[in-house]
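Per chain, numbering begins at 1; letters A, B, ... match sequence-line order. All values reported here derive from a predicted model rather than from experimental measurement.
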Amino acid sequence: MIALGIEGTAWNLSIGVVDENRVILVEDRPYIPKEGGIHPREASQHHAEVIGELIRSVFSKIPPQKIDLVAFSQGPGLGPCLRIVATAARALSLKLNIPLIGVNHCHAHVEIGRWMCGVSDPVVLYVSGGNSQIISKKGGRYRVFGETLDIGIGNALDKLARYMGLQHPGGPKIEKLAKNGRKYLKLPYVVKGMDFSFSGLVTASQKLYDRGERKEDIAYSFQETAFSMLAEVSERAMAYLEKDDLLLVGGVGANKRLKEMLKIMCEDREGNFYAPPTEFMGDNGAMIAYTGLKLFLKGRETSIDESFVKPDYRIEEVEL
Amino acid sequence: MLGFMKVKRYIGGEAEVIISEVVEKIRKPKRYRIPEIDEELRKKRTRSEVRIMAMARKVGVATPIVLDVEGDKIIMERIEGEAVKNVMDEEVARKIGEAVAKLHRAGIVHGDLTPMNMIYNNGKLYFVDFGLAFHTHDIEAKGVDIHVFFESLKASFENWEKLKDAFIEGYSCYERAKEVLERVKEIEERGRYIDRSKYEVNR
């Protein structure tokens, strides 16, 4: 069976095509803000402008008659962006007369990670722009055991980068700067049980910048503090749930220092650390296609009536 | 005699616990963290745990007595008795409620209230792990504290509803019990475990 998936919850509009065994293709049309961060309306206008061309481009490589079902990211995400994606998916489903399947974006990150790494029941650290969560399966459902009490880690990195005059996306720029950091500047470390918070860390880092500290040292101190917090809550969840496998997913998972810390943490508790290839960590259409395919094989389908967007869709609500 | 004593070792998320004739709780260095962060954190948390245990005893909640603190290590008295998990009944649940009332009145939020962290000995209830405890008068934090306890009852006991009622009976001696218990209901309803989106926009 061949599934086509459309992702577009935030900045990246992406279509992926998969079958049960492999990713056949992925094509992206990312929205890159000219200045500042992601503006929901501008992002959705971008998606609306390029989605027709993106679909044509995909169909020039794989004929539409070969597609057996269409999946789309139903939420969580930016409302205006979600609506573009849902509209395109409904149109394809009706036009090609194939089933429609709404997919939870977070669930898709977890599923593609599990698929690519061949790991069955891990603790998942999901880190992206808007989301930062510790997820694991319990009682036949995914549950969130810990999460950010304010902003996502990617968002925090972007905010700091922008403050220091760097362009979106901030994460890779902060990572590059941090490599040349030499001095650790003290920053607030906020972990409450399995929850954590980043906004105080951003504010304190911005103050360091105002005080004239080197960008490199600030980036280094920020990464060390924020990633230590994430590694700590991941470890706590592994101990609490008595699970030995940790899976890292989400766009911020591309960061090498974060991966290194998690790997060391797992080694020291004789656990295993997994991360899918970088191109499948960030938002991509293949994860939506794969998760849609999996759900369809379990008999799920989304009627047009039920295909409304869910900007606040939580992974706990997903029926597995 | 000591030679025959079984030494048990537990590796938790944060600390390692070694149980012999005494209990040693060690916050070992974490290799993934740079020493500048790691050392300060371990010392700070160890000091805070010891302080909160002393506070708890002062307000009449039994905890192991701390024998010694060395940097990141706490050596405390070993409490004999049954894990509460194995002896739980309505009487015990009521006592837990009374003890949590005392903690909350003093502004101590335990942070990990489960029957695993309590020992019962001849009618006396001990709280043995304050590793995640902190000090606050925030109603939400106290609500979450109790919510965690109710969840653990649900997970472990068939008669959890009766145990919950007994706990509430014990807890109700706290002046702000009503307020906290109402918040617990709210937390359950909004539940991160069900659907928080209805209550928090733009997450």
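Side-chain contact, B/Asp72 with B/Thr46: no donor N or O sits under 3.5 Å from an acceptor N or O. Judged by distance alone, the side chains of A/Arg214 and A/Tyr220 never bring a donor and an acceptor atom under 3.5 Å apart. Side-chain N/O atoms of A/Glu42 and A/Ser44 include no donor and acceptor closer than 3.5 Å. One side chain, A/His105 or A/Asp283, offers a donor N or O that lies under 3.5 Å from an acceptor on the other. With hydrogens and angles left out, the side-chain atoms of B/Arg57 and B/Thr63 include a donor and acceptor closer than 3.5 Å. Side chain to side chain, A/Tyr126 and A/Asn131 meet the donor-acceptor criterion of an N or O pair below 3.5 Å.
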**Request:** Start with the C-alpha distance between A/Tyr189 and A/Glu232, add both sets of side-chain angles, then the distance that settles side chain to side chain donor-acceptor pair (under 3.5 Å), and finish with yes or no.
**Result:** CA-CA 11 Å; A/Tyr189 185 106; A/Glu232 178 178 349; 2.5 Å; yes
**Request:** Start with the C-alpha distance between A/Tyr142 and A/His107, add both sets of side-chain angles, then the distance that settles ring pair (Phe, Tyr, Trp, His ring centres under 6.0 Å), and finish with yes or no.
**Result:** CA-CA 8 Å; A/Tyr142 282 109; A/His107 181 213; 5.7 Å; yes
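The two atoms that bring B/Val109 and B/Ala141 nearest to each other are CG1-O, 3.8 Å, heavy atoms only.
Of the residues A/Ser73, A/Cys106, A/Pro76, the one that meets the side-chain contact (heavy atoms from CB on, under 4.5 Å) test with A/Tyr313 is A/Pro76.
Contacts of A/Met265 with chain B are made by both backbone and side-chain atoms, with heavy-atom separations under 4.5 Å. Contacts of A/Ser221 with chain B are absent, with no heavy-atom separation under 4.5 Å from either backbone or side chain. For a residue to count as touching a neighbouring chain, one of its non-hydrogen atoms must lie under 4.5 Å from one of that chain's; by this rule A/Lys263 does not touch chain B. In this structure, no portion of A/Glu260 lies under 4.5 Å from any heavy atom of chain B.
For B/Arg42 (side chain) and B/Gly71 (main-chain N/O), no donor-acceptor pair under 3.5 Å exists by modelled atom type. A donor-acceptor pair is defined here as one N or O able to donate and one able to accept, closer than 3.5 Å; no such pair exists between the side chain of A/Glu216 and the backbone of A/Arg182.
When each of B/Asp38, B/Asp112, B/Ile34, B/Leu132 is checked for heavy-atom pairs under 4.5 Å with chain A, B/Ile34 comes out on top.
Residue-level contacts of residues 245-256 of chain A with chain B do not occur; threshold 4.5 Å between heavy atoms. Taking 4.5 Å as the heavy-atom cut-off, none of the residues of residues 158-179 of chain B approach chain A.
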